[in-house]
Amino acid sequence: MLRVTNASRSIFVGPKVPGRLKSTLSVGIETKNADVSPELGWDDALPYSDIPGPKPLPVVGNLHRFLPGGEFYKKDTSDLFKTINETYGPVSKLPGMFGKPDFVLVYDADEVAKVFRSEGPWPVRMGAYCLDYYFRNLRKDFPPSLTVAQGQEWQEFRSAVNQVMMQPRNTKQYVEPIDMVTQEFIDRMREVRNDSQEMPPDFSHEIAKWALESITFVALDTRLNLFKNLAPDSEASKMIEAVHAVFDGMYELDFKPSPYKFISTPAYRRFVASMDYVTQVSAKYVNLAMERLKKAPTNEERTLSVLENLLIRTQDPQRAVTMALDMLLAGIDTTGTSVATVLYQLAIHPEKQAKLQEELDRVIQDPTKSLTTKQLEEMRYLRACIKETMRLTPIVIGNLRSTIKDMVIGGYQVPSGSMISMNSQAISTNELYFPRASEFIPERWLPGADDIKGKHPFAFLPFGFGPRMCVGRRFADLEIETAVAKVFRNFSLEWNRPPAKTQFRILFSFVDPLTFTVKDRV
Ligand code: HEM
């Protein structure tokens with residue numbers, strides 16, 4: 001049984017209680033490590049108030065740390081979490097402000113496993129407070145979206161949606177349409193490339209268009225035709241803008257200290273206006289789909305789309321609108337940035353790119369034809385490259401759960417209802433769980449790579465875990481695999497600049513323009 005010492009623990013400066021914490025000394029790769037002291041019971045654990053972390057001041061809490069001059073001022077979310085981990089250890093606490101709960105921050109895969117395994121059949125994931133506030137206070141005409149629904153309300157919604165979104169046959173019918181959208185993206189890359197074969201500074205906007213076009217086809221049965229010249233006041237341009245604004249709003253309102261529930265701030269007003277816009281557009285297309293369904297001959301034999309299936313299963317057009325909203329909010333920046341990140345990793349690792357291209361040339365002999373499910377299934381190195389990118393630079397900052405019972409986490413009493421934030425990037429780039437963790441090695445995901453493969457099943461969970469895990473992951477996989485396969489079958493990408501600057505807010509993103517040099521292969 002493998003047992004290793006966590007490097008990050010060596011700088012742990014929390015309270016020292018000899019023999020109390022298995023996790024401050026060593027961590028078992030399997031939870032039942034013989035050298036590890038047995039799990040502490042509630043009465044033996046230290047009180048919640050002892051969890052180390054930046055101490056709040058009376059009245060202002062930790063607000064001063066986020067203001068100019070404070071240690072967290074303008075700090076990237078990932079850097080902030082990393083600093084807290086290095087200063088306070090593998091389980092720490094960031095006290096909440098303005099009535100929001102504390103974050104218990106967890107950086108230890110054993111503790112992650114414990115949290116997920118105790119989540120029960122109705123996992124509670126709080127955190128998107130402004131979204132929740134929007135549905136429960138401003139849009140009572142719609143049921144809360146899947147992302148913010150909880151308990152039985154969530155379970156009923158999710159089981160109807162699972163049958164539509166998680167069935168492989170439902171994803172398969174989108175292989176050809178997603179290929180078609182992606183071919184337009186490839187053509188667009190040729191069109192916008194300059195004389196030095198470089199992508200324009202707003203290339204990430206082109207990727208966002210591809211992501212929006214793809215997910216709109218799934219969520220709303222419609223083509224926005226984003227690669228045709230896009231007027232700034234077109235519905236499609238405004239949708240891209242609105243979705244970005246919603247994410248920015250969630251960061252400003254939920255992550256940073258904000259009194260929006262008491263005072264209507266500019267960030268809050270922008271968030272509400274953007275949500276209203278996305279809701280209005282979604283409702284328009286759901287109504288059109290309903291009209292189509294009503295007019296369809298009853299003896300018509302065809303596979304129903306995701307939206308039509310949702311309408312039939314939920315029998316509730318308002319619910320179909322909130323699900324479409326969920327898909328649009330959760331399905332644009334996530335897949336778009338994932339593709340951008342894979343392109344970047346392969347551009348800076350030409351030897352891995354060449355290896356991928358060998359696979360692509362073997363499997364996709366005629367690049368002018370649409371990809372098939374069989375071809376996608378055959379491309380193992382493609383999937384390995386995508387997984388490795390998600391491990392090294394996960395686009396979602398972490399997984400969240402609220403505890404549904406009192407638990408001992410990291411040797412501390414954590415009461416029921418506490419918010420646990422499990423930091424994906426810190427965990428999946430920890431040497432403890434992945435040998436040569438900072439290197440880009442897609443081979444670790446292929447069979448036989450025993451010396452470099454992952455060591456802990458809970459150290460890499462890009463789509464979350466359990467009954468509440470990402471409901472769109474089959475579509476995300478399909479979209480990302482199609483885009484990466486087609487880009488590298490058609491082109492070779494180079495990165496001839498200093499390393500691109502990135503940032504982490506709620507999602508990971510590139511700050512520098514993605515001006516890849518793109519050379520034709522076909
Ligand atoms: C690379 C792309 C994506 C990543 C990394 C990602 C990641 C995640 C994660 C980490 C969660 C939370 C899971 C949990 O709490 O256990 C989640 C939830 C969710 N995702 Fe995704 N996602 C992606 C793409 C998509 C797409 C394309 C859609 C829509 C088609 C989507 C829709 C959702 C929804 C609706 C939820 C909430 C599920 C619930 O609460 O029941 N995601 N996603």
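Ligands are counted one by one from 1 in listed order, and the atoms in each one are counted from 1 as well.
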Q) For ligand 1, which atoms, with element, lie under 4.0 Å from some heavy atom of Met165? A) 30 (C)
Q.
Between the side chains of Arg136 and Glu153, is the shortest nitrogen-to-carboxylate-oxygen separation below 4.0 Å, so that they form an ion pair?
A. yes
Q | Best match, Met323, Gln150, Arg401: closest heavy atom to atom 16 (O) of ligand 1 | A | Arg401
(Q) Regarding atom 42 (N) of ligand 1: of the candidates Gly336, Gly398, Cys470, Ala476, which has the closest heavy atom? (A) Cys470
Q: Please say which of Leu310, Val161, Thr322 ends up in a side-chain contact (heavy atoms from CB on, under 4.5 Å) with Met327.
A: Leu310
Q) Taking both backbone and side-chain atoms of Thr335, is any N or O found less than 3.5 Å from an N or O belonging to ligand 1? A) no
Q | Ionic contact status for Asp221 with Arg292, cut-off 4.0 Å | A | yes
Q | Numbered atoms and elements of ligand 1 in range of Met390, under 4.0 angstrom, heavy atoms | A | 1 (C)
Q.
Using a 4.0 Å cut-off to any heavy atom of Leu146, which atoms of ligand 1 qualify?
A. 39 (C), 40 (O), 41 (O)
Q) Considering only heavy atoms, which of Ala219, Pro123, Ser338 lies nearest to atom 1 (C) of ligand 1? A) Ser338
Q) When the ring centroid of Phe510 is compared with that of Tyr344, is the distance short of 6.0 Å? A) yes
(Q) If we set the cut-off at 4.0 Å for heavy atoms, which region of Leu461 has an atom near ligand 1: side chain, backbone, both, or neither? (A) neither
Q: State whether the shortest distance between N or O atoms of Gly464 and N or O atoms of ligand 1 falls below 3.5 angstrom.
A: no
**Q.** Side chain, backbone, both or neither: the part of Glu479 lying under 4.0 Å from ligand 1 by heavy atom
**A.** neither
Q. To which protein heavy atom is atom 25 (C) of ligand 1 closest, and what is the distance rounded to 0.1 Å?
A. Ala330 O, 3.4 Å
Q) Hey, are the side chains of Asn399 and Phe116 touching, using non-hydrogen atoms and a 4.5 Å cut-off? A) yes
Q: Please state whether Trp154 comes within less than 4.0 angstrom of ligand 1, counting heavy atoms only.
A: yes
Q) Does Glu377 pair with Lys374 as a salt bridge, N-O distance under 4.0 Å? A) no
Q. Got an N/O contact under 3.5 Å between Arg158 and ligand 1?
A. yes
Q. Is it true that atom NZ of Lys82 has more than 12 heavy atoms of other residues, nucleotides or ligands lying nearer than 6.0 Å?
A. no
(Q) For a quick check under 3.5 Å, do Thr147 and Asp326 share a side-chain donor-acceptor pair by atom type? (A) yes
Q. For atom 37 (C) of ligand 1, which protein heavy atom lies nearest, and how many Å away is it?
A. Arg125 NH2, 3.6 Å
Q. Which atom names give the shortest non-hydrogen contact between Ile427 and Ala109, and what distance separates them?
A. CG2-CB, 4.3 Å
(Q) So if I count the atoms of ligand 1 from 1 in the order they appear, which ones are less than 4.0 Å from some heavy atom of Gly472? (A) 26 (C), 27 (C), 28 (C), 29 (C), 30 (C), 31 (C), 32 (C)
Q | Pairwise side-chain contact, Phe458 with Arg117, heavy-atom cut-off 4.5 Å (strictly under) | A | yes
Q | Structural part of Arg473 in contact with ligand 1, heavy atom criterion under 4.0 angstrom | A | neither
Q) In terms of atom number and element, which parts of ligand 1 are under 4.0 angstrom from non-hydrogen atoms of Asn399? A) 10 (C)
Q | Structural part of Phe465 in contact with ligand 1, heavy atom criterion under 4.0 angstrom | A | backbone
**Q.** Protein contact of atom 27 (C) of ligand 1 - nearest heavy atom, named by residue and atom, plus distance
**A.** Gly331 CA, 3.6 Å
Q: Tell me which part of Ile215 gets within contact of ligand 1: side chain, backbone, both or neither, using heavy atoms under 4.0 Å.
A: side chain
Q: Name the closest protein heavy atom to atom 3 (C) of ligand 1, giving the residue it belongs to and the distance to 0.1 Å.
A: Phe463 CE2, 3.4 Å
(Q) One thing to verify: whether Glu443 and Lys355 come together as a salt bridge, which I'm taking to mean a side-chain N less than 4.0 angstrom from a carboxylate O. (A) yes
**Q.** For atom 2 (C) of ligand 1, the protein heavy atom that lies nearest, with its residue and separation
**A.** Thr334 CB, 3.6 Å
(Q) If the threshold is 4.0 Å, N to carboxylate O, is there a salt bridge linking Glu235 and Lys238? (A) no
Q) For ligand 1, is any non-hydrogen atom under 4.0 Å from Arg468's backbone (N, CA, C, O), its side chain (CB onward), both, or neither? A) both
Q) Is Arg319 close enough and on-axis enough to Phe157, meaning under 6.0 Å and within 45°, for cation-pi? A) yes
Q) What residue and heavy atom of the protein are closest to atom 35 (C) of ligand 1, and at what distance? A) Val471 CG1, 3.5 Å
Q: Compute the minimum heavy-atom distance from Ile480 to ligand 1 and say whether it is under 4.0 Å.
A: yes
(Q) Quick one, Met189 and Met199 - any side-chain contact, counting heavy atoms below 4.5 Å? (A) yes
Q | Side chain, backbone, both or neither: Pro462 near ligand 1, heavy atoms under 4.0 Å | A | backbone
Q. So, Arg383 and Asp477, do they make that salt bridge, N to O below 4.0 Å?
A. no
